[in-house]
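What you see is a predicted model; the values in this text were computed from it and never measured. All residue numbers refer to positions in the sequence shown, counting from 1.
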Amino acid sequence: MALMDFIKKQFIDIIQWTEEGDGTLAWRYPMRDMEIQNGGQLVVRESQMAIFVNEGQVADVFGPGTYKLTTQTLPVLTYLKNWDKLFESPFKSDVYFFSTRQQIDQKWGTPQPITIRDKDFGAVRLRAFGNYAFRIADPKLFHTEISGTRESYPVADLEGQLRGLVLQNISNAIAGSGLPFLDLAANQVMFADALTKELAPIFAKLGILIESLTVQNVSLPEELQKILDQKIGMGMVGNDMGKFMQYQTAQAIPKFAEASGGGGGIAGDAMGLGAGVALGQVLAQNLQQGLQGGGAAAQAAPAAAAAAVGVKPEDVMATLEKLGELKSKGILTQEEFDAKKAELLKKLV
């Protein structure tokens with residue numbers, strides 16, 4: 001029986017791995033009924049690494065190249081097998097190959113909104129998604145921590161764990177960047193860099209190097225998006241409150257022209273608009289005076305209130321109604337109506 005077993009054994013001259021497709025991170029060379037011949041060759045291609053494992057203990061690690069298997073090229077294995085000057089031939093050892101190519105376009109995203117802390121808004125809920133690329137950098141560590149003795153280890157078995165690590169560290173990345181969330185949301189490259197920096201040491205513990213990470217989209221909650229829109233509007237007018245109120249009023253005016261001829265309803269809306277603009281003027285002046293000094297603000301408030309009382313929006317809106325009627329009858333062109341509207345608007349603010 002022992003003789004038959006010996007006859008069935010095959011001796012390996014060349015050990016190599018030709019990848020048949022994408023998505024395999026680790027592959028074990030099939031050694032059943034096979035032994036490695038003294039002087040055999042190990043071929044490790046570019047974008048690969050290989051390790052020899054003796055009785056569960058990682059021995060020698062090989063990068064790309066062609067190696068003749070001797071006691072000189074297998075020093076650790078020689079020590080583990082107690083080979084002195086003689087090479088025991090043939091011998092058995094597990095050989096694992098690892099793909100060190102970049103595994104690109106790995107998706108990540110928040111299935112549910114996550115809550116982060118922000119120094120401007122306190123607690124903020126957001127959604128984000130993007131992709132990343134990684135590669136095996138330390139095959140010995142990857143073997144002991146992840147792939148183990150499996151015949152093969154595909155990317156699909158690891159992607160869920162890596163995606164979870166990305167989501168888990170989004171909050172830490174934002175906090176570590178020290179930037180307000182609005183600035184971070186507007187600069188997705190900076191967001192990606194902060195997240196990559198946070199993930200690098202965590203991936204390294206698994207023998208993995210994160211090569212790149214992108215943030216393709218950050219979705220804000222509706223209430224925060226409104227604040228962002230207002231901030232953009234303020235920036236367009238140089239952060240001048242009076243001009244900002246004029247900008248908002250100009251956005252609301254077209255509805256009056258569209259509803260011209262509607263009667264008292266338009267006048268009522270106009271009255272509310274005029275009062276709002278006047279109140280905006282008071283608040284803006286009070287805010288400006290408050291920043292300059294408490295005493296000046298107290299003196300400016302009555303004057304601002306008096307100015308607000310002097311505004312007669314009902315007269316302006318009545319004129320707008322008449323102009324709207326003239327436009328609807330074709331007496332005034334759209335350009336003429338717009339010019340008069342702008343002129344009346346200046347009287348409101």
Grab the two heavy atoms, one from [X] and one from [Y], that are nearest each other, plus how far apart they are.
| X | Y | answer |
| --- | --- | --- |
| L167 | P111 | CD1-CD, 3.9 Å |
| G148 | Y96 | O-CE2, 3.7 Å |
| A133 | I104 | CB-CA, 4.0 Å |
| V95 | I15 | CG1-CG2, 4.1 Å |

- Begin with the C-alpha distance, continue with both residues' side-chain angles, and end with the deciding distance and a verdict on side chain to side chain contact (heavy atoms under 4.5 Å, CB included) for M31 and I36. CA-CA 9 Å; M31 284 290 183; I36 301 172; 3.7 Å; yes

- Message: Are M190 and F129 connected into the same hydrophobic cluster when the rule is that any two of I, L, V, M, F, W, Y join if their side-chain heavy atoms are below 4.5 Å apart?
- Response: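 Unlinked, F129 and M190 end up in two clusters.
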
- In the single-linkage hydrophobic clustering (I, L, V, M, F, W, Y; side-chain heavy atoms under 4.5 Å), do L141 and V61 co-cluster?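 Looking at the clustering, V61 is in a separate group from L141.
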
Nearest 0.5 Å please: distance from the [atom1] atom of [X] over to the [atom2] atom of [Y].
| X | Y | atom1 | atom2 | value |
| --- | --- | --- | --- | --- |
| Q103 | L158 | CD | CG | 9.5 Å |
| I114 | Q168 | CD1 | CD | 11.0 Å |
| E159 | Q106 | CD | CD | 6.0 Å |
| I116 | I170 | CD1 | CD1 | 9.0 Å |
| I210 | L162 | CD1 | CG | 8.5 Å |
| I146 | I208 | CD1 | CD1 | 6.0 Å |

According to side chain to side chain contact (heavy atoms under 4.5 Å, CB included), who are the partners of [X], at least two apart in sequence or on a separate chain?
| X | result |
| --- | --- |
| R127 | T110, Q112, P113, S219 |
| A192 | L213, V215 |
| D338 | Q334, K341 |

- Task: Determine yes or no for a side-chain-to-main-chain donor-acceptor pair under 3.5 angstrom, with R135 supplying the side chain and T100 the backbone.
- Result: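 The answer is yes, because a donor-acceptor pair under 3.5 Å joins these two groups.
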
- Where the side chain of N54 meets the backbone of Q57, is there a donor-acceptor pair that is under 3.5 Å apart?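 No, the answer is negative, given that no donor and acceptor are paired below the 3.5 Å cut-off.
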
Output a table of donor-acceptor pairs, distance under 3.5 Å, between side-chain atoms of residues 41-50 and any protein atom two or more places apart or on a different chain; print 'none' if there are none.
| from | atom 1 | to | atom 2 | distance (Å) |
| --- | --- | --- | --- | --- |
| R45 | NH1 | Q16 | OE1 | 3.3 |
| R45 | NH1 | W17 | O | 3.4 |
| R45 | NH2 | Q16 | OE1 | 3.0 |
| Q48 | OE1 | R45 | N | 3.2 |
| Q48 | NE2 | W17 | O | 3.0 |

Check: [Y] and [X] side chains under 4.5 Å, non-hydrogen atoms:
| X | Y | value |
| --- | --- | --- |
| D60 | I51 | no |
| F203 | L209 | no |
| I136 | S99 | no |
| F142 | L25 | yes |

- Query: Does T214 have any side chain to side chain donor-acceptor pair (under 3.5 Å) partners at least two apart in sequence or in another chain, and if so, which?
  - Reply: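 If we apply the side chain to side chain donor-acceptor pair (under 3.5 Å) test to T214, skipping adjacent residues, the hits are N131.
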
- Item | Residues in ring pair (Phe, Tyr, Trp, His ring centres under 6.0 Å) contact with F62, at least two apart in sequence or another chain |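 Partners of F62 under the ring pair (Phe, Tyr, Trp, His ring centres under 6.0 Å) test: F52, Y67.
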
- Query: Which residues satisfy the ring pair (Phe, Tyr, Trp, His ring centres under 6.0 Å) test with F134, sequence neighbours excluded?
  - Reply: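 Per chain and number, F134 pairs via ring pair (Phe, Tyr, Trp, His ring centres under 6.0 Å) with no residue.
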
- Output every pair passing salt bridge (charged side-chain N to carboxylate O under 4.0 Å, His left out) with a member in residues 21-30, not counting sequence neighbours, ordered by first then second residue.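 Sorted pair list: D22-R101, R28-E151.
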
- Message: Can you pull out every salt bridge (charged side-chain N to carboxylate O under 4.0 Å, His left out) where at least one residue sits in residues 102-114? Sequence neighbours excluded, please.
- Response: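 Of all non-adjacent pairs touching residues 102-114, those that pass salt bridge (charged side-chain N to carboxylate O under 4.0 Å, His left out) are D105-K107.
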
- Could you check T24 against F97 for side chain to side chain contact (heavy atoms under 4.5 Å, CB included), going step by step and ending with a plain yes or no? CA-CA 10 Å; T24 301; F97 286 86; over 6 Å; no

- Message: Checking D94 now: which residues fulfil salt bridge (charged side-chain N to carboxylate O under 4.0 Å, His left out) with it, not counting sequence neighbours?
- Response: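 If we apply the salt bridge (charged side-chain N to carboxylate O under 4.0 Å, His left out) test to D94, skipping adjacent residues, there are no hits.
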
- With sequence neighbours left out, which residue pairs that include part of residues 191-206 fulfil the side-chain hydrogen bond (donor to acceptor under 3.5 Å, both in side chains) condition?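 Residue pairs with at least one partner in residues 191-206: there are none.
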
- With sequence neighbours left out, which residue pairs that include part of residues 140-150 fulfil the side-chain hydrogen bond (donor to acceptor under 3.5 Å, both in side chains) condition?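 Counting only pairs at least two positions apart or across chains, the side-chain hydrogen bond (donor to acceptor under 3.5 Å, both in side chains) contacts touching residues 140-150 are R150-D157.
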
